[in-house]
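In what follows, chains are A, B, ... by sequence order, proteins preceding strands, each numbered from 1. Atom set for the values below is all heavy atoms of this structure, side chains included, hydrogens, waters and symmetry mates excluded.
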Amino acid sequence: MTDTNRPPRLLLLDGHSLAYRAFFALPVENFSTATGQNTNAVYGFTSMLVNVLRDEQPTHVAVAFDVSRQTFRTEEYSEYKAKRNKTPGEFSSQLPLIERMLDSFSITYIKHPGYEADDIIATLVTQALADETSGLEVLILTGDRDSIQLVTDRSTVLYPMRGVSDLSRMTPAFVEDKYGVPPHRYPELAAIVGEQSDNLPGVPGVGAGFAAKWINTYDGLDNVIAQADKITGKKGEAFREHLGDVIRNRRLNALVRDLDLGIKVDDLVLTEWDRASALELLDELEFRGELRTRIMDVVAPNEDAPVEAGVELDGATLAPDTVGAWLDAVGAEQIGLSVRGTWGSGTGRVNGLALALADGRAAYVDVETLTPADDAAVAAWLADAARPKVLHDAKGPLLALAAQGWDLAGVVEDTALAAYLVAPDQRSYDLADLSLRYLHRELAQAGDDDQGMLFDEDANVARSAMVQARAALDLSAELAGEVEKAGGRNLLTEVEMPLVGILAGMEKTGIAVDIEHLEGLEAHFGEEVRGEAEAAYAVIGKEINLGSPKQLQVVLFDELGMPKTKRTKTGYTTDADALQGLFKQTEHPFLLHLLRHREVIRLRQTIEGLLKTVQPDGRIHTTFHQTIAATGRLSSTEPNLQNIPVRTEEGRRIRESFVVGSGYDSLLTADYSQIEMRIMAHLSEDELLIEAFRSGRDFHAETASRVFDVAPDEVTPEMRAKIKAMNYGLAYGLSAFGLSQQLGIDPGEASGLMKEYFETFGGIRDYLAGVVDEARRAGFTETIMGRRRYLPDLTSDNRMRREAAERMALNAPIQGSAADLIKVAMLRTDAALREAGLASRMLLQVHDELVFEVADGEREQLDALVRAQMAGAADLTVPLDVSVGTGRSWHEAAH
DNA sequence: AGCCTGACGTA
DNA sequence: CGTACGTCAGGCTA
């Protein structure tokens with residue numbers, strides 16, 4: 001907890017020297033984003049900064065940077081710092097990122113042409129210490145020893161000892177103890193000894209010990225120089241010989257203390273930081289986990305800064321039998337709702353409900369102590385569509401409430417979905433963040449006594465729930481304009497929000513599992529895992545962990561001397577492709593056992609994972625996430641039912657375990673065929689492609705016949721396979737190299753194939769190029785329904801980043817439009833099921849496929865209904881082809 | 001314990 | 001040097 005009366009403390013950082021240290025301390029290969037931006041220096045610098053902010057609680061902060069290598073020192077002595085390695089580009093590219101990080105923390109950074117960061121720091125220290133009445137303490141965090149001269153009773157240097165975590169606290173006593181001279185004499189000592197890192201040679205053969213002795217004996221370097229002939233021995237001789245160097249060193253290592261920075265210490269007060277832009281940058285840099293949390297915990301708003309009006313919540317836990325009256329008083333006003341409880345795996349419970357209004361009124365309903373009258377009032381209010389409610393992520397609450405026997409209607413805004421449409425790549429509009437901001441303000445306003453209690457006391461469960469309810473309401477207002485601007489209103493109210501109830505239903509229903517069948521498979525594959533492992537050990541004559549790429553590399557490349565495969569960050573890949581390649585070259589039997597071992601252990605793992613998630617009702621209840629995938633797709637977790645094996649025969653046996661539940665007739669699967677290519681045909685308006693789809697014939701064969709200019713019945717399987725790969729790869733931004741890899745043909749042939757393809761389908765070529773151009777211009781891509789994805793990297797100077805963004809720009813409208821389409825299909829199907837009064841139900845969505853459980857006697861009707869609703873989900877220039885199958889299991893229902 | 005990496009399953 | 005996801009085991013660092 002922060003102390004409002006804490007003493008003023010100025011923290012100064014040498015941005016350049018710290019970042020430079022971090023750059024060499026942290027292995028660059030372990031710190032880079034998916035797009036190739038190195039981040040080790042940003043990471044290390046930020047980590048040091050945040051730790052010091054946390055541990056030292058400064059009130060004022062500034063970061064100084066060097067502008068360039070050219071300073072008055074290099075003018076005076078051209079060799080100054082010349083021995084330093086040429087600054088690597090991997091380092092320089094990170095400096096702007098550090099500046100952006102500081103911007104978002106609202107921390108001032110300062111550069112001054114012709115001078116070094118050290119001089120800026122020295123100037124600020126001098127200013128800060130000049131006013132003796134202010135009581136300002138100074139901390140200097142730097143990796144440059146020149147700053148030791150700035151140490152006084154009121155200013156301390158924090159010097160990183162090794163890596164970026166250990167800081168040595170250099171007080172006057174510490175300096176004197178370590179170097180034998182007081183801080184202000186340190187540069188005199190350094191002048192004699194020299195400074196390797198600045199390429200300032202000192203007196204050969206003279207170390208810190210002798211230098212300190214001379215300085216102390218003669219009272220300062222000036223006197224040592226004046227009485228230089230009194231020093232005897234070889235060292236004295238050397239000193240006299242290198243006197244020029246010493247004098248030059250002393251002149252160069254003196255820090256400039258009177259720069260005109262145009263900034264005062266008072267200007268450096270820490271103010272509230274820009275949370276949204278910080279989060280955005282953390283996302284961009286892919287800083288997750290520990291550092292991210294540390295940043296969020298530490299860089300809190302400062303109480304001295306002007307604070308936005310805190311949330312004024314006038315509310316408490318409602319007394320028995322007063323719930324109805326409270327709700328009546330609210331009437332039809334919009335209300336923020338936060339549900340406390342648990343949900344998932346097909347069940348849930350509610351502990352409490354928090355309600356908040358824009359005018360500050362709030363209430364908490366403790367579900368444990370509800371009277372029957374309260375219960376009825378809550379139930380009626382929740383179910384009343386005319387009482388508008390705002391929630392953040394309504395699906396969980398919906399499930400918890402349903403478990404309690406309560407219906408939820410009148411949800412006018414789900415802020416999690418609104419935020420997703422505004423910023424699908426980010427997690428910036430996080431309700432937890434907004435609530436936390438509010439709680440921090442509450443803490444700042446509350447007395448010191450109850451600060452620590454706010455989070456765990458019972459009353460505070462209610463309090464924080466109400467704050468959260470209010471935060472949802474405020475977030476909704478904050479996002480409203482953004483949603484309009486992003487053109488997402490229609491998607492939000494017509495697609496994403498209505499989908500929530502359907503997903504909740506699917507999760508609650510789950511899918512039945514044949515446990516015995518799964519257990520049989522587990523035993524079967526388990527047997528083979530052991531067999532293959534033994535066979536593999538026998539071949540190489542020892543037992544290793546076959547699941548360890550590290551140990552495998554030793555065996556394959558060192559002991560068996562196989563040719564090196566493609567590089568990974570940590571060595572050479574042992575993935576299935578590479579192992580197959582190695583087998584072709586070496587025919588070593590170990591590889592076959594290893595590959596097979598991988599395959600069966602994976603199958604066994606999948607089965608074990610599934611078995612663990614089967615609930616007491618004999619069904620698996622996945623969780624669908626609606627705000628994860630940047631393109632608009634759903635994702636599925638715990639377990640992921642969108643990646644159940646299907647490609648191999650053995651994999652499909654796992655699909656046999658997903659079966660129709662008791663009381664139902666069968667499973668039905670319905671999927672779109674070539675949905676992405678159809679969308680591409682629609683968006684590109686390529687006549688030939690549209691014609692290919694309208695013909696209703698084998699699409700890949702049809703396109704192959706066009707590309708190779710042969711009659712449809714002369715298309716060979718090879719031709720078809722090549723064009724099929726091309727068709728699928730197009731929407732991903734496939735390169736000639738990638739295509740050649742996949743088809744196992746030479747890059748030249750692949751390149752020729754692509755050229756031929758694009759000449760045949762000119763509309764596709766123009767469309768793909770146009771999509772990227774337009775996205776670069778607008779800053780985002782758009783799907784058929786107007787779902788956006790922002791891609792700022794399209795204008796990046798970094799080729800890797802830019803090209804990665806270009807591939808995303810190619811793919812997002814296509815994958816995203818397909819996502820739009822199947823979401824609409826789900827809504828239409830759900831509505832039609834209800835309209836028709838059918839008991840059949842939707843269970844799963846797998847991107848282009850829906851799985852249903854068919855009620856007795858509804859098979860034909862459901863088949864027709866689903867076909868119609870899926871095919872009619874959009875009106876494209878090409879037909880939407882839907883294939884349907886039914887069977888006892890998911891496998892049998894496939895077609 | 002928590003995080004990262006490689007490997008691999010799906011559309 | 002192909003987009004979008006989630007999960008697992010191994011192994012490193014705290």
Side-chain angles (χ1 to χ4, degrees), chain A residues 27 29-31 34 36 163 165 286-293 424-425 544-553 566-579 594-595 598-599 601-610 612-613 622-625 628-648 650-651 654-655 671-676 725-726 728-742 747 750-751 781 789 799-800 803-816 818-819 822 844-849:
Chain A
E29 59 273 16
N30 296 353
F31 293 87
S165 45
E286 297 170 16
F287 288 174
R288 310 184 183 92
E290 187 274 331
L291 178 64
R292 192 186 173 98
T293 336
D425 278 270
I544 62 161
N545 189 336
L546 295 172
S548 162
K550 202 176 167 226
Q551 295 180 34
L552 282 175
Q553 285 174 48
K566 216 175 69 178
R567 274 219 69 107
T568 65
K569 263 185 203 175
T570 53
Y572 299 94
T573 183
T574 66
D575 68 19
D577 260 5
L579 294 183
L594 176 57
L595 278 164
R598 282 250 180 94
E599 203 172 351
I601 208 164
R602 172 119 196 133
L603 289 162
R604 193 188 61 177
Q605 257 167 24
T606 304
I607 294 162
E608 282 173 351
L610 289 172
K612 273 186 229 158
T613 64
T622 186
T623 301
F624 287 106
H625 298 271
I628 296 296
T631 51
R633 276 189 177 180
L634 300 178
S635 77
S636 154
T637 63
E638 290 180 279
N640 181 355
L641 294 186
Q642 292 179 323
N643 73 342
I644 302 301
V646 71
R647 273 179 38 254
T648 65
E650 287 172 318
I654 296 178
R655 289 204 170 207
D671 61 57
Y672 285 120
S673 35
Q674 295 112 17
I675 181 78
E676 297 198 341
M726 185 80 218
Y728 278 119
L730 272 179
Y732 303 146
L734 185 65
S735 66
F737 180 85
L739 185 65
S740 72
Q741 285 281 299
Q742 207 200 332
S751 168
T781 62
R789 179 172 186 189
R799 194 168 64 98
M800 290 254 286
E803 287 177 350
E806 285 170 357
R807 290 190 296 271
M808 293 176 203
L810 285 182
N811 177 254
I814 297 165
Q815 190 183 118
I822 195 155
L844 300 176
Q845 188 253 45
V846 192
H847 309 308
D848 67 358
E849 171 187 11

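E650(A) is linked by a salt bridge (Lys or Arg N to Asp or Glu O under 4.0 Å) to R596(A), counting only residues two or more places apart in sequence or in another chain. By the ring pair (Phe, Tyr, Trp, His ring centres under 6.0 Å) test, F624(A) pairs with no residue at all, sequence neighbours left out. The side-chain contact (heavy atoms from CB on, under 4.5 Å) search around E638(A) returns none, not counting sequence neighbours. When the salt bridge (Lys or Arg N to Asp or Glu O under 4.0 Å) test is applied to R604(A), the partners found at least two apart in sequence or on another chain are E608(A). Applying the side-chain contact (heavy atoms from CB on, under 4.5 Å) test to L610(A) and every residue at least two apart in sequence or in another chain returns L518(A), T606(A), I620(A), P639(A), L641(A), I644(A), I654(A), F658(A).
Taking atom OH of residue Y672(A) and atom P of nucleotide dA11(B), one finds them 16 Å apart after rounding to whole Å. Computed from coordinates, the Y732(A) OH to dC1(C) P distance equals 18 Å when rounded to whole Å. For the pair H847(A) NE2 and dT10(B) P, the interatomic distance rounds to 12 Å; values are reported in whole Å. Rounded to whole Å, the distance from CD on Q553(A) to P on dT5(B) is 15 Å. Straight-line distance from the CD1 atom of I675(A) to the P atom of dT10(B): 20 Å, rounded to whole Å. Atom-to-atom, CG of L603(A) to P of dA7(B) comes out at 18 Å; the value is rounded to the nearest Å. Following rounding to the nearest Å, D577(A) (CG) and dG9(B) (P) show an atom-to-atom distance of 11 Å. As a whole-Å value, the separation of F624(A) CZ from dA4(C) P is 21 Å.
Counting only heavy atoms from C-beta on, T570(A) has its side chain closest to dT5(B) among dA7(B), dT3(C), dT5(B). When each of dT10(B), dG11(C), dG2(C) is scored by its nearest atom to the side-chain atoms of R807(A), the top-ranked nucleotide is dG2(C). Comparing dA11(B), dT5(B), dA4(C) by their closest approach to the side chain of M808(A) singles out dA4(C). You'll find that the side chain of Q815(A) is closest to dA4(C), out of dA4(C), dC5(C), dA7(B).
In this structure, D848(A) contributes its side chain and D671(A) its backbone to no donor-acceptor pair below 3.5 Å.
Counting any heavy atom pair closer than 4.0 Å across all strands shown, A812(A) reaches no nucleic acid atom. Among the protein residues, A576(A) comes within range of the sugar-phosphate backbone only, with heavy atoms under 4.0 Å from sugar or phosphate atoms but none that close to a base. At a threshold of 4.0 angstrom between heavy atoms, the contacts of E849(A) with the nucleic acid are absent. Heavy atoms of I644(A) sit under 4.0 angstrom from primed sugar atoms or phosphate atoms, though from no base atom. R789(A) comes within contact range of the sugar-phosphate backbone alone, with a heavy-atom separation under 4.0 Å but no base atom that close.
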Check: Stepwise, does the side-chain hydrogen bond (donor to acceptor under 3.5 Å, both in side chains) test hold for S636(A) with Q642(A)?
Finding: CA-CA 6 Å; S636(A) 154; Q642(A) 292 179 323; 4.9 Å; no
Checklist line | Verdict with reasoning, T637(A) to T623(A), per side-chain hydrogen bond (donor to acceptor under 3.5 Å, both in side chains) | finding: CA-CA 5 Å; T637(A) 63; T623(A) 301; 4.6 Å; no
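Taking only side-chain nitrogens and oxygens, K550(A) comes nearer than 4.0 Å to OP1 or OP2 of dC12(C). Between T574(A) and dG6(B) there is no side-chain polar atom (N or O) within less than 4.0 angstrom of OP1 or OP2. Within the 4.0 Å cut-off from OP1 or OP2 of dG6(B), at least one side-chain nitrogen or oxygen of T568(A) is found. Checking the phosphate oxygens (OP1, OP2) of dG11(C), a side-chain nitrogen or oxygen of Q551(A) falls inside 4.0 Å. For dC8(B), the OP1/OP2 oxygens have a side-chain nitrogen or oxygen of R598(A) closer than 4.0 Å. Under 4.0 angstrom from either OP1 or OP2 of dG6(C) there lies at least one side-chain N or O belonging to S635(A).
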Could I get a table of every N or O pair under 3.5 Å where one atom is in the protein and the other is in nucleotides 7-9 of chain C?
from: dT7(C); atom 1: OP1; to: E638(A); atom 2: N; distance (Å): 2.8

